[in-house]
Amino acid sequence: MILSQLVRLAAKNAIIALYPDIAVDDAMVAVNLTKPEFKGHYTVVVFPFVKLLRKKPDVLGKEWGEAILKADAMFTSFEVVSGFLNLTISDDFWTSFLTGHFNDTTFGRFGDTGQRVMVEYSSPNTNKPLHFGHLRNNFLGAAVSEILKEAGNTVIKANLVNDRGIHICKSMIAWKRYGNGATPERTGIKGDHLVGYYYVKFNDAYKAEVAALMAEGMDDKTAEREAPIMKEAQEMLRLWEMGDPEVRHLWQTMNGWVYQGFDVTYNRLGVTFDKMYYESDTYLLGKRIVEEGLAKGLLFKKENGSVWIDLQPDGLDEKLLLRGDGTSVYITQDLGTAKLKYEEFHLDKSVYVIADEQNYHISVLRFILKRLGEPCADGIYHLSYGMVELPTGRMKSREGTVVDADDMIDEMIAMAKAQTEESGKTLGFTEGELSRLYETIGLGALKFYLLRVDPKKKMIFDPKESIDLHGFTATFVQYAHARICSILRKEGLGKEPPAGTFAGYTATLPLEPLEQKMIQLLEQYPGILHEAADEYNPSTVCNYTFGLAQLFNTFYDAHSISKAENEEKKQLRLMMAVMTAMVLRNAFKLLGIAMPDKM
RNA sequence: GGUCCGGUAGCUCAGUUGGAUAGAGCAUCAGCCUUCUAAGCUGGGGGUCAUUGGUUCGAAUCCAAUCCGGAUCACCA
């Protein structure tokens, strides 16, 4: 059990022992970390019981503190300050904790929950390359998956590729018109970028055609409908749905280019998937569900043959599920995919990592599945995250105002290189080690930057300002880790010294305040993981690793480890250092960020 | 207009089921490398927690109203 729970339990038991007649519910026993300006480690708030027992806060606090102390040797003293009962934990607790866990590589990992969780993320469209906003999605999905795994769940990472639809046809039409047979090989352009170029090209041509028609006196709505290039795209979509061999061939070819490009990017990002879904395979599945719902009378048909669900009882509107011509809409395929996922993997929970602009869409999806009596409805969780915006507003791929993911990665790595060279820290590295280091630092900084903010908040990124490598960054945490590794190297120890290494350690001296704080913060890691998993929130882990690295740096400055005052302190501090490095490393692994031993 | 989300230092953000004098980073100013990696450490300045009212021993946190910003409400995806 983690310490905060132990304290809470001790406090609860003590108050029950003192006053057996009152009803104590858990919410009344408020336990917090003691503020640094007071003596003690954990604080119990006395107020909730003051009125109930009609006692003065200080009197009750004293009784309560004495009872806690008497019951458990873990506590050595207490102080009551204006209604707050501050408890001090014994040095013995801290040192036993450290000796018991410093080399426990599974520290923080939970037991198997038996839960099967799918996390769907990334889910790109195949008409354009990934941009900065997609990076947030990918990093979030990957990190949340790893955090949920660490929390004892079986996790299936899924990617649902939007590989069909009018947007793909737009790129295809533009390529046919303007491409002159261009391929990634012939042009030397990465496949996803090449296809994305024609998507932008389509929109330019479309705008020009609309403008031309309007110049001839057509009104804007009609012009937008009548522009030849748009009609061509719609015709191509129709042919695609009919399975026209030529269209299908071009579609496969161009999607193939995009996948090659994506693979390169995913590889650099270190993002992987256990299961790929393609909308071209799943887009028809929802129709059957809709037809069944219709047969059961849960849905209704309008005169033109379109099928609807009435969600007004749930506080929403009527929602279209099938068009008048019988073709499916966006939500239709989602119904099918949700059911498919559930049946294929027997999921307890299905997480969708999707931007908050689709909040309504996902809640509609859940309501529909619920109404249709599909069991997969209950497990749906929308991990809704805020969009990444530019100072000028949203990125628009149609207009080409995006920060490209590949460019961003290159820039970050170049910056890591420049700063490493500038600080003259390249000595003793081989060329290969250096380029790996630059990737580690550059990509780490990028991931941390996007993960450190609460997912639900939108972010504004100014491309003119580079992402910092100082302060609240991955680099800061990596640096603390590298420093520890350097100490361990000089002491002839590996990163994970075998169990017997500090067997000779016996605690006899009192802990320095910073020693105690370090151990206390290390002890909090499992609780942090729990919180991150509970809330699907990797930023909790970012904040924690930064705090731990920061405290270590303070410690490092204040106390020497290798030249400690005596052997006992040296052993203690080495164990602390080993454990700190391990926790930082494990936490960063969950975030998908590599940890250098040297930098 | 309906629904939902956000508003905390100049900027970017933390702030646990309501708890003590609201914290970091960046920027700025002043210090610290003959001592385990200065990508670091120490300290200063910087706040009407959007506003108003309510709930109570106690509110950045809960409730209501208002203001500001955003998203969404398609036979688009």
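Reminder, nothing fancy here: chain letters follow the sequence lines and each chain counts from 1.
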Value in whole Å for how far the [atom2] atom of [N] lies from [atom1] of [X]:
X      : N     : atom1 : atom2 : answer
A/L365 : B/C73 : CG    : P     : 15 Å
A/L85  : B/A20 : CG    : C1'   : 14 Å
A/E389 : B/C11 : CD    : P     : 17 Å
A/N137 : B/A77 : CG    : C1'   : 15 Å
A/N32  : B/G58 : CG    : C1'   : 13 Å
A/L33  : B/G23 : CG    : P     : 14 Å
A/K456 : B/C4  : NZ    : P     : 16 Å
A/Y544 : B/G25 : OH    : C1'   : 19 Å

Distance under 6.0 Å and angle within 45° of ring axis: A/R452 vs A/F546 | no
Does A/A27 or A/L320 map to a spot on RNA chain B nearer the 5' end, using the closest nucleotide for each?
->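 The residue mapped nearer the 5' terminus is A/A27.
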Would you mind telling me which residue lines up with the more 5' stretch of RNA chain B, A/F84 or A/I460, judged by nearest nucleotide?
->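 Nearer the 5' end of the strand: A/I460.
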Which nucleotide wins on minimum distance to the side chain of [X], given the candidates [options]?
X      : options             : answer
A/D468 : B/C26, B/A39, B/C57 : B/C26
A/D317 : B/C73, B/U37, B/G7  : B/C73
A/Y479 : B/U72, B/U37, B/A77 : B/U37
A/S423 : B/U17, B/A71, B/A39 : B/A39
A/Q358 : B/A77, B/A71, B/C57 : B/A77
A/N553 : B/G40, B/A77, B/A20 : B/G40

Beyond-backbone contact of A/H382 with A/H361, side-chain heavy atoms, under 4.5 angstrom | no
Classify the angle between the aromatic ring planes of A/F472 and A/F448 as parallel (below 30°), tilted (30 to 60°) or perpendicular (above 60°).
->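 Judged by the thresholds at 30° and 60°, the geometry between A/F472 and A/F448 is perpendicular.
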Check whether the side chains of A/H167 and A/N162 place a donor and an acceptor atom closer than 3.5 Å, and report yes or no.
->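 Note: A/H167 and A/N162 side chains meet the donor-acceptor criterion.
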Rounding to the closest angstrom, what is the interatomic distance between B/A38 and B/A22 at atom P?
-> 34 Å
With rounding to whole Å, what would you report as the distance between B/G19 and B/G25 at their P atoms?
->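 Taking atom P in both B/G19 and B/G25, they lie 23 Å apart.
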So, are A/E235 and A/R238 salt-bridged, with charged N and O less than 4.0 Å apart?
-> yes
Report yes if the ring of A/F38 lies under 5.5 Å from the six-membered base ring of B/A20 with planes under 30°, and no otherwise.
->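 According to the criterion (under 5.5 Å, under 30°), yes, A/F38 stacks.
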Do we count A/F546 as stacking onto B/A24 if the rule is ring centres under 5.5 Å and planes under 30°?
->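 It does not: the ring fails the test against the base of B/A24.
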What is the nucleic acid contact for [X], judged by heavy atoms within less than 4.0 Å: base, sugar-phosphate only, or nothing?
X      : value
A/F47  : base
A/K51  : sugar-phosphate
A/M599 : base

Under the rule syn = chi within 90° of 0, otherwise anti, which is B/C62?
->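 Anti, which is what one calls it when the glycosidic angle falls more than 90° from 0.
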Scan A/R585, A/R483, A/M599 and name whichever one has a side-chain contact (heavy atoms from CB on, under 4.5 Å) with A/Q478.
->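 It is A/M599, the one option of A/R585, A/R483, A/M599 that forms the side-chain contact (heavy atoms from CB on, under 4.5 Å) with A/Q478.
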